[in-house]
Amino acid sequence: MALLKFVLLVFGALSPSVLAQSCATINPVQTPSFASGYSGRVVINGLRTPRGIIFDNQGNLLITEQGGYGVRYVQLTDNGGTNVCVKSNKQLIAEDTINHGIALSPDGKKLYVSSQLYVWSWDYMAPQGLTLLVPKGRPDLLLVQRGSQDNIDTAAGQIETARSQIRVFKIADVEKSPVEYSTGEVLAWGIRNTVGVGEDSWGGIWSVDNGVDDMTRENKDIHNTNPCEELNFYGYINSNCTSVPTNSQTNHRYLEDPTVLPSPLNTQMKVGDTIAHGTANTASTCANCVSPKLCFPAHMAPLDIKFNANSTAAHIAFHGSWNRQPPDGFRVSRVEWDQATGMPVESVTSTTAVKNITFNANNADCPNGCFWPVGLTWDHKGRLFMASDSTNEVWIISGAEQTEGTNETM
Ligand SMILES: *[C@@H]1O[C@H](CO)[C@@H](O)[C@H](O)[C@H]1NC(C)=O
Ligand SMILES: *[C@@H]1O[C@H](CO)[C@@H](O)[C@H](O)[C@H]1NC(C)=O
Ligand SMILES: *[C@@H]1O[C@H](CO)[C@@H](O)[C@H](O)[C@H]1NC(C)=O
């Protein structure tokens, strides 16, 4: 049982204190590599475990800090390119339970932050907090993601647990009074820990899901390259949407590397195929399961997905692995999209769909010597901003897109 409380905040009322700062170079804790045509620099450092970032419609940056510091409000001075620096910086909401999600209503007048989460037991709280999204075509709705209770949360395969799900709430209802999470309409269930939820140009709802750790089959350890992290699609919630589609994945595991399975499935299955929940070496027979659209390498921990303005690509923040040797992730990647189909260009069996944009020169240095990307957001000039919670920085990344990007979600 979980209750949600919502913060209402009107931006006209803000008057941040101005601390003059020059656009001096801020030395990064770790210097990333950039794909050809891309560059970046640190905009702000010294943050306290930054997670979600968004822009308000005045171009101010809002950052949730997980270290018990609520929401930070940052005014920027833009000298063009990556020459962007902090004009003023203040704590906007002091609330030590805020830990990740942040979203603005499309009119920019209401701010939603997550982990205003009341639970009957602390065990019920998702480790990543809640992820929030207000669909552009349905600004009356709020999508709220909730994660699993444990690494393997068998009970979450039952819809009634209201864990490992995305539910949809009417904003008018949640503003009236706290609403129990289990009363929301189910958009998706059986999806383990889906931290990043994003919306494409057509109102299609997508998420990136974090798979289980320490996976075995018939006592064989197959965890290093399984299961894949998933890109999932849930249908459209736009102005044409009359009812919320319901999607199920019921705790199934999709494969990054079928070849390490015990025989005979090692030769029978391909990337993106699913095997059943549990440890038996049997193919899945789930009739209602919705397969991912892409399969990313295991344990890379995708935490955010943001589409560019015309949805020709999505950018994904991979926080990085602890359950994989050598480590992988710790980068911002780009996935090409097909505008005709509204789907990724490559298919679920592809192992080449993800292109490095901002990455570590040598992942063997990770996790300790690496930045860990979390929240992504676009500014109105199509520059990408990235929060890194290992180095307590926000970066600006130029070259990502020349046009405006979308920035509603975290
Ligand atoms: C809504 O439906 C109409 C008619 O089918 C279509 O032309 C339009 O593109 C749809 N709008 C969205 C936002 O999907
Ligand atoms: C992406 O960068 C990582 C290092 O962070 C490297 O190991 C990997 O090979 C790169 N992938 C591609 C497709 O270039
Ligand atoms: C989409 O935007 C990119 C830049 O962000 C641009 O290069 C491309 O031409 C656009 N594509 C379409 C089909 O509008």
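Remember, it's 1-based here, ligands and their atoms both numbered in the order they're listed.
- When only non-hydrogen protein atoms are considered, atom 4 (C) of ligand 2 lies nearest to N360 O, 3.2 Å.
- Remark: K87 does not engage D78 in a salt bridge, criterion side-chain N to carboxylate O under 4.0 Å.
- Of all protein heavy atoms, the one closest to atom 13 (C) of ligand 2 is V354 O, 4.4 Å.
- Ionic pairing of K381 and D379 is not present here: no N-O contact between side-chain nitrogen and carboxylate oxygen is shorter than 4.0 angstrom.
- Contact annotation: for K355 versus ligand 2, there are no heavy atoms closer than 4.0 Å.
- N363 ND2, 4.1 Å is the protein heavy atom nearest to atom 7 (O) of ligand 2.
- Residues N323 and S321 have side chains that never bring a donor and an acceptor to within less than 3.5 angstrom of each other.
- Note on R253 versus E230: no salt bridge recorded, every NZ/NE/NH1/NH2 to OD/OE distance being 4.0 Å or above.
- Distances from atom 9 (O) of ligand 2 to the protein include no heavy-atom value under 4.0 Å.
- Protein heavy atom at the shortest distance from atom 3 (C) of ligand 2 is R331 NH1, 3.4 Å.
- Checked for salt-bridge contact, D389 and R51 meet the test: a charged N lies under 4.0 Å from a carboxylate O.
- For atom 14 (O) of ligand 2, the closest non-hydrogen atom of the protein is N356 ND2, 3.4 Å.
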ask   = F296 and F318: ring pair (Phe, Tyr, Trp, His ring centres under 6.0 Å), yes or no, with the steps?
value = CA-CA 10 Å; F296 305 124; F318 290 101; 5.2 Å; yes
